[in-house]
Number of protein chains: 2
Amino acid sequence: MDRQRTDRNEEASAQERPTLKTLAFMTGLGVTTVSRALKDAPEIGAETRRRVQLVAKQIGYRPNRAGVRLRTGKTNVISLVLNTEHELMSFVSDIIYGVTEVIADTPYHLIVTPYSRSQDPLDPVRYLVETGSADGVIISRTQPNDPRARYMLERGIPFATHGRTDMGLVHPYHDFDNYAFANEAVRYLAGRGRSRLALVTPPVGLTYYGHTVNGFVDALSEVGASEVPFNTVSIDQSIEQIRMRTAQLMRRKDRPDGFVSSAAAATLAIVAGIEDAGLKLGRDVDVVSKQSSELLHLFRRELLVVNESFRLAGSELARAVLGWIGGAAPGSLQTLSKPSEVLPYRG
Amino acid sequence: MDRQRTDRNEEASAQERPTLKTLAFMTGLGVTTVSRALKDAPEIGAETRRRVQLVAKQIGYRPNRAGVRLRTGKTNVISLVLNTEHELMSFVSDIIYGVTEVIADTPYHLIVTPYSRSQDPLDPVRYLVETGSADGVIISRTQPNDPRARYMLERGIPFATHGRTDMGLVHPYHDFDNYAFANEAVRYLAGRGRSRLALVTPPVGLTYYGHTVNGFVDALSEVGASEVPFNTVSIDQSIEQIRMRTAQLMRRKDRPDGFVSSAAAATLAIVAGIEDAGLKLGRDVDVVSKQSSELLHLFRRELLVVNESFRLAGSELARAVLGWIGGAAPGSLQTLSKPSEVLPYRG
DNA sequence: TTGGCAATCTGTAACGTTTCAGTATATTGA
DNA sequence: TCAATATACTGAAACGTTACAGATTGCCAA
């Protein structure tokens, strides 16, 4: 049995959802005319156009997504591809809000496509492209040579990356200037008399790992400070690991007197490790950390923070994908967001 | 021009996505037979069935979502409806992961439907139902008398709520036992000699506000402790507000010596407020807090925590909606998760 | 032999949309 | 006056799927 049980031969007053046919019947026009009138096609008379649009608005006509999608291939969907193990909590929530903010008054829906450690990060992207499930894709955890970007570029599907690539290929991205962040963090620490600095890096392999390290290293030589290697740790690791390794490090006599940390969660662990070693934040060591919500100052007032907005990233990425879908040049859809000043405790 | 530019009259070797027609051509059968063979219809010969399924797997056939959706009305989508202002960060990320975990090996996609303060919470739900955009819906911030639940129940669209309602209507839900949480928190505090307790409540109006308050109040009288009213604060407020109000409260001579807090973010603010007033956690006052990630003990080791898993909530909610869609009785799809013990600092 | 029936398979129509190839009417140019 | 042309509209087909109502074949009972 068909799911429509009303007599549909001649549009009874049925309370079913209105379609083009309904509108055609009500206006006395053909469905073709109605379809074109709704999209302001030039070959439709001005009055007819207004009339159709009025009726459509009155009865709350909304195009059937499946109809459009089947006919045109346009899904009106953009997909956010997320790693279910390594994304930061605040990243997920803020970026989603940023994206939805932008697509709110468009016909687009946002679908979340997850993948896990065990999978090739290319899998979800391949799935989306092969099944034609989205008009545009947003990916994070971008690598200098990113197979996902290459793949989508080859297939011609619009996408935007959170973070840049370095393949000589041009595509939309939004990135935070992590070079500037690390650079300024070092300078700030130097200004407070710190000279032996350790860096808590982003995950090795991601593009912004390189940016961060470069900013850090360049600033070190500029201010004449030295690096205390801490390569065993990155922000992808568990709280416990980071804490333990930090405590180990801080018990050595050649310990650092300053940290630059790329993520708030890692910073909590760093601080815990510092305190495990019996040292005191602000006195024995200073820590500059990125954060995406205003929580670190509550945690320890001595922390020095730089803000990075993932909500902004979400908005920019959504704007970029929509722009590309809309025909803009990919190269014109690249944004870089500058870090805030280093903020000490204010009050 | 049609988006398909290949000569499609007689299935050339075109690298287009395979459809039922492709399969029909390859197997020499009719599309109807192929369609039925793929869904194990009984009137298809066993060998034919195997043959079709083999070929389908070989060439990686995947049903076209738009085709199915247009024909059957089934969207294979479930929607998570979120408030973009008030949801907790960790809630969003964990619940999404929980949901995707469950739908990973189903044909379902997850779409995120946001709404903001300015909107009626019913708006997004109405939109989903009117446009038939999802087969099932998950909502949070559930109220005792929830118009959204009532609305969806009337329209017969499967949904699950995070939190219970109290309208005498039966529907799937997942809830955390906040009565037990508040109750045990009070008992624990009493066990540590605390007798003047304040409650940092969930948002007034949500069902679990009542549960929490009841658990708190009942336990108070059972252990003979008293309540220090703190009604000006709930976990929906800003960090700054909570912090300020807590500091005010703690400067009064009739201040509490114990807090029960319903959310980790609020707890950070509470502690900050306590310390603003010059008091010390663990000595002057104890705080029991719910948390959804293991961060509070890093924050202040003296904090007493109870864990609530939003990932579990996401999974359970997804299971519930899918169950309802699959025809299970709504009443059989209700789960309540018990709080962990109160966990003091362990090392 | 014939009729009936079960077992398999098939063509057609429909879901709602857009595109293509028109048609009908009014308007213009010579 | 007649044809050419612009204007405003229209029906049919197609996207990929499933439901309905057959169609074909073989087999068995009468």
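So that the names make sense, note that chain A is the first sequence line, chain B the second, and so on, each numbered from 1. If you're wondering where the values come from, they're calculated on a predicted model, not measured in any experiment.
Rounded to whole angstrom, the span from the CZ atom of A:R69 across to the C1' atom of C:dT19 amounts to 20 Å. When rounded to the nearest whole Å, the span between CZ of B:R71 and P of C:dC15 equals 8 Å. Taking atom CG on A:L29 and atom P on D:dG11, their separation rounds to 10 Å, with Å as the unit. Counting to the nearest Å, the C1' atom of D:dG16 and the CG atom of B:N76 are 14 Å from each other. For B:K21 and C:dT12, the NZ to P distance is 14 Å, given to the nearest whole Å. Atom NZ of A:K39 and atom P of C:dT17 are 9 Å apart (whole Å). Residue B:R17 contributes atom CZ, which lies 7 Å from atom P of D:dT17 at whole-angstrom precision. At whole-Å resolution of the value, CG in A:L70 and C1' in C:dA14 are 12 Å apart.
Residues meeting the side-chain contact (heavy atoms from CB on, under 4.5 Å) test with B:V68, sequence neighbours left out: B:P63, B:T72. Judged as a ring pair (Phe, Tyr, Trp, His ring centres under 6.0 Å), and not counting sequence neighbours, A:Y97 has no contacts. For A:D146, the salt bridge (charged side-chain N to carboxylate O under 4.0 Å, His left out) partners two or more places apart in sequence, or in a different chain, are A:R148.
Distance from the side chain of A:L20 is smallest for C:dT18 among the nucleotides D:dT17, C:dG16, C:dT18. In the set C:dT18, D:dT18, C:dT17, C:dT18 carries the atom at the smallest distance from any side-chain atom of A:T72. Distances from the side chain of A:P63 to the nucleotides C:dT18, C:dT17, D:dT10 place C:dT17 closest.
Between B:I111 and A:V112 the shortest side-chain heavy-atom distance does not fall below 4.5 Å. Contact annotation: the side chain of B:I95 never approaches that of B:R311 to less than 4.5 Å [non-hydrogen atoms, C-beta and beyond].
Where the helix from C:dT1-D:dA30 to C:dA30-D:dT1 starts and where it ends, the local axes point in directions that differ by 60°; five pairs per end, rounded to 10°.
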Run the side chain to side chain donor-acceptor pair (under 3.5 Å) test on B:T142 and B:T165 for me, step by step, so that the C-alpha distance in whole Å, both residues' side-chain angles and the decisive distance to 0.1 Å come before the verdict.
CA-CA 7 Å; B:T142 308; B:T165 58; over 6 Å; no

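By the neighbour-count criterion of 12 heavy atoms within 6.0 Å, atom CD of A:E154 is densely surrounded, having more than that number from other residues, nucleotides or ligands.
With hydrogens and angles ignored, the 3.5 Å screen pairs no side-chain donor or acceptor of B:R155 with any backbone N or O of B:R126. Using a distance-only test at 3.5 Å, with no hydrogens or angles considered, a donor-acceptor pair links the side chain of B:S309 to the main chain of B:L312.
A salt bridge is absent between B:E130 and A:R17; no separation between the charged side-chain nitrogens and carboxylate oxygens falls under 4.0 Å.
At a non-hydrogen distance threshold of 4.0 Å, B:E43, B:I44, B:G45, B:T48 from residues 43-57 of chain B come into contact with DNA chain C.
Backbone-only contact: A:G28 has heavy atoms under 4.0 Å from sugar-phosphate atoms and none from a base. Contact annotation for B:G30: backbone-only contact, meaning every heavy-atom pair under 4.0 Å involves sugar-phosphate atoms and none involves a base.
Under the 30°/60° scheme for interplanar angles, the aromatic rings of B:F159 and B:W324 are found to be tilted.
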Quick test: give all pairs of protein nitrogen or oxygen and nucleotides 21-26 of chain D nitrogen or oxygen below 3.5 Å, distance rounded to 0.1 Å.
none

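Summarising the geometry of B:L333 relative to B:A320, their closest heavy-atom pair is CD1-O, 3.4 Å, with the distance given to 0.1 Å.
A sub-4.0 Å separation between OP1 or OP2 of D:dT17 and a side-chain N or O of B:Y61 is present. Under 4.0 angstrom from either OP1 or OP2 of C:dT17 there lies no side-chain N or O belonging to A:S35.
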